[in-house]
Number of protein chains: 2
Amino acid sequence: MLSQITLMPKNKQFNKEFVLEAAAGIFMEKGYNGTSIDDILKATGLSRSSLYDSFVDKHNLYLQSLEFYKESNVNKLKSVDDKNLNGLQKLELLFKNVVNHLVDHPNENGCLLVNAAAEMSKQCYKTSQVVCNNKDDVQDILTSWISDAELKKVLKINKPAKVYSQFLYSTLCGLRVMSQSGAGKAELTNVVKITLDSLN
Amino acid sequence: MLSQITLMPKNKQFNKEFVLEAAAGIFMEKGYNGTSIDDILKATGLSRSSLYDSFVDKHNLYLQSLEFYKESNVNKLKSVDDKNLNGLQKLELLFKNVVNHLVDHPNENGCLLVNAAAEMSKQCYKTSQVVCNNKDDVQDILTSWISDAELKKVLKINKPAKVYSQFLYSTLCGLRVMSQSGAGKAELTNVVKITLDSLN
DNA sequence: AATATAACGGAATGTTTATTCCAAATTACT
DNA sequence: AGTAATTTGGAATAAACATTCCGTTATATT
């Protein structure tokens with residue numbers, strides 16, 4: 001396993017981020033209820049004892065990996081945000097990245113946050129909180145990009161920037177669902193093209 | 001139970017459509033793996049024996065209820081299609097219906113087809129077939145509406161109608177996910193407004 | 001060398017699960 | 001009246017499940 005470090009009392013010291021990423025992967029692929037503890041042990045390389053020692057139980061691990069996934073999702077946006085581009089260019093780059101990721105990772109099951117919204121948000125309040133926080137965070141960044149594009153006069157809009165960010169967020173969700181519904185790169189690219197064209 | 005008829009040998013003759021609709025409801029709420037046989041018995045009013053006699057097993061019932069849900073979803077589009085409206089008006093009516101249904105049924109968990117795509121499509125080929133067929137059927141109808149709107153000169157487009165139907169389909173999926181992510185009527189209405197405005 | 005710490009394998013537990021089975025109940029048809 | 005058809009409740013089964021527990025190993029610190 002790649003998670004080994006050898007500094008603490010015994011050798012197989014696992015890396016928490018590695019575990020959360022692997023757990024997010026298996027939950028994304030099989031869903032919360034479809035993932036067994038054995039699946040998690042295989043995916044993370046953790047021992048049964050370590051899992052319960054360090055993550056309390058399956059549900060707690062799920063929430064931690066969902067939170068981790070959400071943070072890394074928001075960080076992807078922030079790394080686009082850090083580039084020296086205007087808001088419209090950032091939007092274009094983001095959508096290009098999203099489509100590429102979806103078509104390059106056909107084994108992955110779309111997006112853990114979308115899947116969590118579908119499977120768990122009505123059953124588990126904490127899940128719905130993470131899903132909702134993700135929506136807010138993403139929309140805030142999108143809003144700032146739209147405002148920037150308007151300011152720099154590369155975009156002309158006639159509604160509050162927030163409304164456009166809601167619209168763009170719905171497209172982001174739609175792309176994830178469509179890639180799980182048999183849509184290929186051409187179709188996803190069409191959707192992005194119309195979405196971005198519609199801003200002008 | 002409302003499914004009772006009394007014509008056949010014994011009394012509790014159940015109505016297959018009623019059962020499939022109830023099953024679709026509980027699968028939508030709890031997901032496939034989150035729904036137990038006891039949940040299904042309670043939701044459908046079926047006896048354990050009848051379930052296995054008539055629907056083979058849980059997975060088979062899931063597929064039948066998913067197929068049933070997909071047909072009734074497509075039929076909703078067709079009933080809009082039957083109205084004496086131009087293509088653009090049909091689009092507006094459809095989106096209004098979708099938003100109203102989402103906000104009027106907060107207990108329901110979005111859309112069984114979206115949830116099935118998220119939870120099951122990578123694990124079960126038959127599920128992915130139904131999900132994919134739904135996408136094709138819906139897009140075909142949307143395409144015909146867009147072509148009609150163009151023909152009647154209420155819409156001016158510069159790409160094949162099919163491309164716009166893919167875009168509209170992504171919005172439909174996005175709306176369902178967003179309603180499971182804490183979006184209220186105002187937000188969903190904003191998304192619809194921008195989507196429809198973008199066609200002009 | 002001794003000890004405390006951290007992780008391990010794997011057996012054990014008890015619950016939940018889907019599914020099968022069977023005897024009983026009910027009614028239409030002959 | 002009797003028989004076949006159909007559904008029922010509920011016990012029985014067996015597998016899968018999450019979780020707990022314990023003895024062992026390994027090492028960093030004292």
Side-chain angles (χ1 to χ4, degrees), chain A residues 1-20 22-24 26-27 29-66 116 119-120 123-124 126-127, chain B residues 1-20 22-24 26-27 29-66 116 119-120 123-124 126-127:
Chain A
M1 289 295 130
L2 293 172
S3 58
Q4 276 157 297
I5 303 177
T6 24
L7 284 171
M8 298 277 279
K10 222 208 135 185
N11 54 349
K12 188 118 178 222
Q13 193 73 5
F14 56 80
N15 178 300
K16 193 169 184 178
E17 295 207 345
F18 175 90
V19 169
L20 292 181
I26 193 70
F27 282 131
E29 186 185 329
K30 300 192 162 194
Y32 175 74
N33 287 305
T35 301
S36 70
I37 296 288
D38 284 338
D39 288 333
I40 297 170
L41 300 187
K42 199 180 296 180
T44 59
L46 237 51
S47 74
R48 195 175 304 274
S49 326
S50 303
L51 192 158
Y52 284 95
D53 279 351
S54 307
F55 300 97
V56 185
D57 60 14
K58 179 185 171 184
H59 190 248
N60 190 283
L61 174 62
Y62 178 74
L63 289 172
Q64 283 194 51
S65 66
L66 184 65
E119 186 188 1
M120 298 292 286
Q123 316 262 348
C124 169
K126 288 181 179 175
T127 295
Chain B
M1 290 295 132
L2 293 172
S3 59
Q4 277 160 292
I5 301 177
T6 22
L7 285 172
M8 299 276 282
K10 223 206 136 188
N11 56 347
K12 188 116 178 224
Q13 195 72 5
F14 57 81
N15 178 301
K16 193 170 184 178
E17 297 208 343
F18 175 90
V19 169
L20 291 181
I26 192 71
F27 282 131
E29 187 186 328
K30 299 192 162 195
Y32 175 74
N33 286 306
T35 301
S36 70
I37 297 287
D38 285 338
D39 289 333
I40 297 171
L41 300 187
K42 199 180 293 180
T44 60
L46 237 49
S47 73
R48 195 176 305 272
S49 326
S50 304
L51 191 158
Y52 283 94
D53 279 352
S54 308
F55 299 97
V56 184
D57 60 15
K58 180 186 172 186
H59 190 248
N60 191 285
L61 174 62
Y62 178 74
L63 288 173
Q64 283 194 52
S65 66
L66 183 65
E119 186 187 2
M120 297 293 284
Q123 315 261 351
C124 169
K126 289 181 177 175
T127 295

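In the text below, chain A, chain B and the rest are named by the order of the sequence lines, each starting its count at 1.
In this structure, the side chains of L20(A) and L61(A) come closer than 4.5 Å at one or more pairs of heavy atoms.
Atoms CG (L61(A)) and P (dA18(D)) sit 12 Å apart, rounded to a whole Å. Counting to the nearest Å, the P atom of dT6(D) and the CG atom of L46(B) are 16 Å from each other. The interatomic distance linking N15(A) (CG) with dA6(C) (C1') rounds to 16 Å, in whole Å. The separation between Y62(A) atom OH and dA18(D) atom P is 14 Å, rounded to whole Å. Regarding F14(A), its CZ atom lies at a distance of 19 Å from the P atom of dA26(D), rounded to whole Å. In this structure, I26(A) atom CD1 and dA18(D) atom P are separated by 12 Å, rounded to whole Å. Counting to the nearest Å, the C1' atom of dT20(D) and the CG atom of L51(A) are 13 Å from each other.
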Handout entry: Protein proximity profile, nucleotides 13-20 of chain C - base contact B, sugar-phosphate-only contact S, no contact -, cut-off 4.0 Å on heavy atoms
Key = -----SBB
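The main-chain N or O of S54(B) is never found under 3.5 Å from a side-chain atom of K16(B) such that the two would form a donor-acceptor pair. Proximity of a side-chain donor or acceptor of E119(B) to a complementary backbone N or O of G34(A) within less than 3.5 Å is not detected.
Nearest heavy-atom pair, S65(B) versus A23(B), reported as atom, atom and distance to 0.1 Å: CB-CB, 4.0 Å.
Applying the salt bridge (charged side-chain N to carboxylate O under 4.0 Å, His left out) test to D39(B) and every residue at least two apart in sequence or in another chain returns K30(B).
For residues 33-65 of chain A, the set of pairs meeting the ring pair (Phe, Tyr, Trp, His ring centres under 6.0 Å) definition, not counting sequence neighbours, comprises F27(A)-Y62(A), Y32(A)-H59(A), Y32(A)-Y62(A).
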